[in-house]
Student: 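Below: one structure in structure tokens.
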Amino acid sequence: MRDHAGPAAMGRYERQYGILAEGPLDGWQDHHPRAAEISAEEFERLWAEARQALGGSA
């Protein structure tokens with residue numbers, strides 16, 4: 001995101017979703033074979049719950 005969208009877009013993303021992870025995301029499936037795909041709505045619900053539990057705004 002930093003390379004393609006610029007600092008302003010990255011700042012908006014991080015304010016909404018938190019700090020971006022560094023490094024590639026490839027290969028995680030090999031380490032988490034029981035991971036399952038979820039809908040965007042389910043992700044947003046779970047993400048909001050997690051942020052609230054950590055004391056952030058949802």
Side-chain angles (χ1 to χ4, degrees):
M1 176 167 255
R2 179 177 37 243
D3 296 337
H4 302 286
M10 190 168 154
R12 286 190 302 274
Y13 181 95
E14 290 182 344
R15 282 190 296 281
Q16 176 73 30
Y17 299 107
I19 296 174
L20 294 170
E22 293 292 328
L25 296 176
D26 298 337
W28 67 266
Q29 300 93 333
D30 298 334
H31 301 288
H32 301 283
R34 293 177 36 202
E37 187 172 325
I38 62 173
S39 69
E41 293 80 16
E42 181 71 357
F43 173 84
E44 292 297 337
R45 183 186 69 76
L46 293 169
W47 186 246
E49 286 180 18
R51 288 184 66 131
Q52 188 172 28
L54 293 171
S57 59

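Computed from a predicted structure; not experimentally measured.
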Student: Which heavy-atom pair separates R51 from R15 by the least distance, and what is that distance?
Tutor: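 Nearest pair, atom of R51 first, then R15: NH2-O, 3.9 Å.
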Student: Which residues pass the side-chain contact (heavy atoms from CB on, under 4.5 Å) test with E42, sequence neighbours left out?
Tutor: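 Testing E42 for side-chain contact (heavy atoms from CB on, under 4.5 Å), a comparison that skips the adjacent residues, returns I38, S39, R45, L46.
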Student: If the plane angle is over 60° it's perpendicular, under 30° parallel, otherwise tilted; pick one for W47 and F43.
Tutor: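 Parallel, since the angle between the ring planes stays under 30°.
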